[in-house]
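The structure presented is a predicted model; accordingly, all values stated were derived computationally and were not measured.
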Protein chains: 2
Amino acid sequence: MPDNLIFEFIERIGYVIRTEWRKALLEYDLQPVHLDVLRYLAACNRYSDTPQGVAEYLEITKGTISQSIKQLETKGFVEKQADASDRRMVHLHLTEKAQALLDKLTPPPGFDDAMRNFSGQEEAALLGNLRDILAQWQIARKRQRFGVCHTCRHYQSGGAGTGQCGLTGEGLSAEDSQKICREFT
Amino acid sequence: MPDNLIFEFIERIGYVIRTEWRKALLEYDLQPVHLDVLRYLAACNRYSDTPQGVAEYLEITKGTISQSIKQLETKGFVEKQADASDRRMVHLHLTEKAQALLDKLTPPPGFDDAMRNFSGQEEAALLGNLRDILAQWQIARKRQRFGVCHTCRHYQSGGAGTGQCGLTGEGLSAEDSQKICREFT
DNA sequence: TCTTTTGGTATCGATTCGAAACATAATTAA
DNA sequence: TTAATTATGTTTCGAATCGATACCAAAAGA
């Protein structure tokens, strides 16, 4: 059962990642879920930086995530900004304090050292395999899909990495195009 | 930053694993930590199937794990057995109900499908890489080491997969030798 | 206009988790 | 032997997660 072994190792490494994070977060008086939220906000685009977007990505109910965001706001890691056109919506922005925390904890202490013996070729192969597993699994799960903007069906290239979203009509910078979008199709 | 990308993918797959488990466990009225405990007990040997062993492996305080084990016992997934020689110690055994749950959830639904396109060669390479990362990281972390019995310094081979533990002097079956031990050195 | 949908918040109960205190048994030192 | 220390496990406390549910307000549709 080689499939099972691969699963076991990914799961165990994942567990160690969470353990390292949990211990590191104690100093900041934060819970694991808070880091998950911050990591998502750092990676998502401006259509997806709302409580609902966080809830869908983390597959947690919005009522629950509302509480976690409240904590993050109180502690100065997140700022809320009302949407200009839709008064129901709230956009969430990371503070510098949050960015510093992410820089420190991604990847967690020691992980990079563990990769030191890998060649560039091995890394590329490993990365490709992991990407495949995740992509195939996402398809099998048939869940709400999140994807990187510039690989979306709505994305219209405008050259030099910039583009336009066919769904909203808005222009997208090169940076925008690299981020995760909840409207991804 | 290819290291970072590899980390990101392992972390994300790990997150999806936990999400699938969390949803599946709702039906059984169990929390994620309960499955972690059951998985450890299924993999550890008779020197390590105690509350303390669980706590060390999961890197959670023993007071916390004591509560989780209480739940598992009440719900019929675990049975406690007093140690014959040390009256402080308690050994934890999985019930058939627990074994059935593990069989169903490991790996979680859909994961095997995601591996379908891999060749035997690719799988072997991937497995080797993951094994390396975990091993190197464990060394870098310098934490309490857990390891498979037959790779331990105390293990003395007796042929045909069986052996003897140089620490306790006890005989070890072929099955024992494949399990995780907290006395691993 | 009326209804439905969507985004967000608030509250409840069960549970996790770290921390600390505690009880008991085993081990070590005097 | 006796006393101090260490190890295993339980209990209790407070803060937080999480699912479930109800609720409010704004937007979208009929």
Side-chain angles (χ1 to χ4, degrees), chain A residues 15 18-38 46-75 77-78 80-92 144 168 182-183, chain B residues 15 18-38 47-75 77-78 80-92 144 182-183:
Chain A
Y15 190 86
R18 279 177 289 153
T19 301
E20 288 292 325
W21 274 344
R22 203 181 61 219
K23 291 172 189 280
L25 287 170
L26 280 180
E27 293 174 38
Y28 297 86
D29 207 25
L30 293 176
Q31 300 290 323
V33 69
H34 294 134
L35 184 58
D36 292 333
V37 172
L38 297 181
R46 64 174 176 272
Y47 303 129
S48 317
D49 61 355
T50 66
Q52 184 75 359
V54 175
E56 285 172 9
Y57 188 76
L58 298 181
E59 299 188 38
I60 286 174
T61 59
K62 57 184 180 172
T64 298
I65 219 63
S66 178
Q67 298 307 308
S68 307
I69 291 169
K70 201 170 158 191
Q71 291 276 334
L72 284 170
E73 195 188 10
T74 304
K75 289 171 181 164
F77 291 94
V78 158
K80 291 186 180 175
Q81 186 183 25
D83 186 274
S85 58
D86 187 334
R87 283 190 294 166
R88 293 172 305 177
M89 292 221 294
V90 175
H91 293 276
L92 305 168
Q144 161 88 14
T168 67
R182 50 179 296 225
E183 307 289 356
Chain B
Y15 190 86
R18 277 178 290 151
T19 301
E20 288 292 324
W21 273 345
R22 203 180 63 217
K23 289 172 190 280
L25 287 170
L26 282 179
E27 293 174 38
Y28 298 86
D29 206 24
L30 294 176
Q31 300 290 324
V33 69
H34 294 133
L35 184 59
D36 291 334
V37 172
L38 297 181
Y47 304 129
S48 316
D49 61 355
T50 65
Q52 185 76 359
V54 176
E56 285 172 8
Y57 187 76
L58 298 181
E59 300 188 38
I60 286 174
T61 60
K62 56 184 180 169
T64 298
I65 219 63
S66 179
Q67 298 306 309
S68 306
I69 290 169
K70 200 170 158 188
Q71 292 275 334
L72 284 170
E73 195 188 11
T74 303
K75 288 171 182 163
F77 291 94
V78 157
K80 290 184 180 176
Q81 187 183 24
D83 186 273
S85 57
D86 187 334
R87 283 191 293 167
R88 293 173 304 180
M89 293 220 293
V90 174
H91 293 276
L92 305 168
Q144 162 87 14
R182 51 180 293 225
E183 305 291 354

Presence of [X] side-chain N/O under 4.0 Å of [N] phosphate oxygens OP1/OP2:
| X | N | result |
| --- | --- | --- |
| B/K62 | C/dA21 | no |
| A/S66 | C/dT9 | yes |
| A/S68 | D/dT17 | yes |
| A/Q67 | D/dA16 | no |

Given [options], which nucleotide is nearest the side-chain atoms of [X]?
| X | options | result |
| --- | --- | --- |
| A/Q31 | D/dA26, C/dG7, D/dA16 | D/dA16 |
| B/K80 | D/dT17, C/dA19, D/dT10 | D/dT10 |
| A/T61 | D/dT8, D/dT11, D/dG19 | D/dG19 |
| A/Q52 | D/dA16, C/dG18, C/dG7 | C/dG7 |
| A/R22 | C/dG18, C/dA25, D/dA27 | C/dG18 |
| A/H34 | C/dC17, D/dA16, D/dG19 | D/dA16 |
| B/Q71 | D/dG19, C/dT15, D/dG9 | C/dT15 |

In terms of heavy-atom contacts, B/P51 and B/V90 come closest through CD-O, 3.5 Å
Is any side-chain N of the basic residue among B/E59 and A/K23 closer than 4.0 Å to the acidic one's carboxylate O?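 Salt bridge flag = yes for A/K23 with B/E59.
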Whole-Å gap separating [atom2] ([N]) and [atom1] ([X]):
| X | N | atom1 | atom2 | result |
| --- | --- | --- | --- | --- |
| B/E73 | D/dG9 | CD | P | 13 Å |
| B/L35 | C/dT15 | CG | C1' | 16 Å |
| B/E59 | C/dC17 | CD | P | 13 Å |
| A/I69 | C/dA10 | CD1 | P | 12 Å |
| A/L92 | C/dT9 | CG | C1' | 14 Å |
| B/I65 | C/dA19 | CD1 | P | 15 Å |
| A/W21 | C/dG18 | CH2 | P | 17 Å |
| A/D86 | C/dG7 | CG | P | 8 Å |

Practice task
Indicate, yes or no, whether a donor-acceptor pair under 3.5 Å links the base of D/dA7 to the side chain of B/R88.
Solution key: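 Check passes, donor-acceptor contact within cut-off.
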Does A/T64 contact D/dG19 through a side-chain donor or acceptor facing the base, at a distance under 3.5 Å?
yes
5'-most contact on DNA chain C: A/P51 or A/L26, nearest heavy atom basis?
->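 Residue closer to the 5' terminus by nearest nucleotide: A/P51.
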_Students often get this wrong, so: under 4.0 angstrom with heavy atoms, is B/I60 touching a base, only sugar-phosphate, or nothing?_
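Result for B/I60 = sugar-phosphate.
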Next on the checklist: Need one value for A/H91: base, sugar-phosphate or nothing, where a base atom within 4.0 Å counts as base even if backbone is also close, heavy atoms only.
Outcome noted: nothing
Interatomic spacing from [atom1] in [X] to [atom2] in [Y] - rounded to 0.5 Å:
| X | Y | atom1 | atom2 | result |
| --- | --- | --- | --- | --- |
| B/Q31 | B/L72 | CD | CG | 10.5 Å |
| B/L30 | B/Q71 | CG | CD | 8.5 Å |
| B/T74 | B/D29 | OG1 | CG | 11.5 Å |

Note to self: Do A/T50 and A/L92 make a side-chain contact, defined as non-hydrogen atoms from C-beta onward lying under 4.5 Å apart?
What the structure shows: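 Not touching, per the 4.5 Å side-chain cut-off.
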Closer to the 5' end of DNA chain D via nearest nucleotide, is it A/S85 or A/V33?
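Closer to the 5' end of DNA chain D: A/V33.
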Comparing B/K70 with A/R87, nearest DNA chain D nucleotide closer to 5' gives the residue B/K70
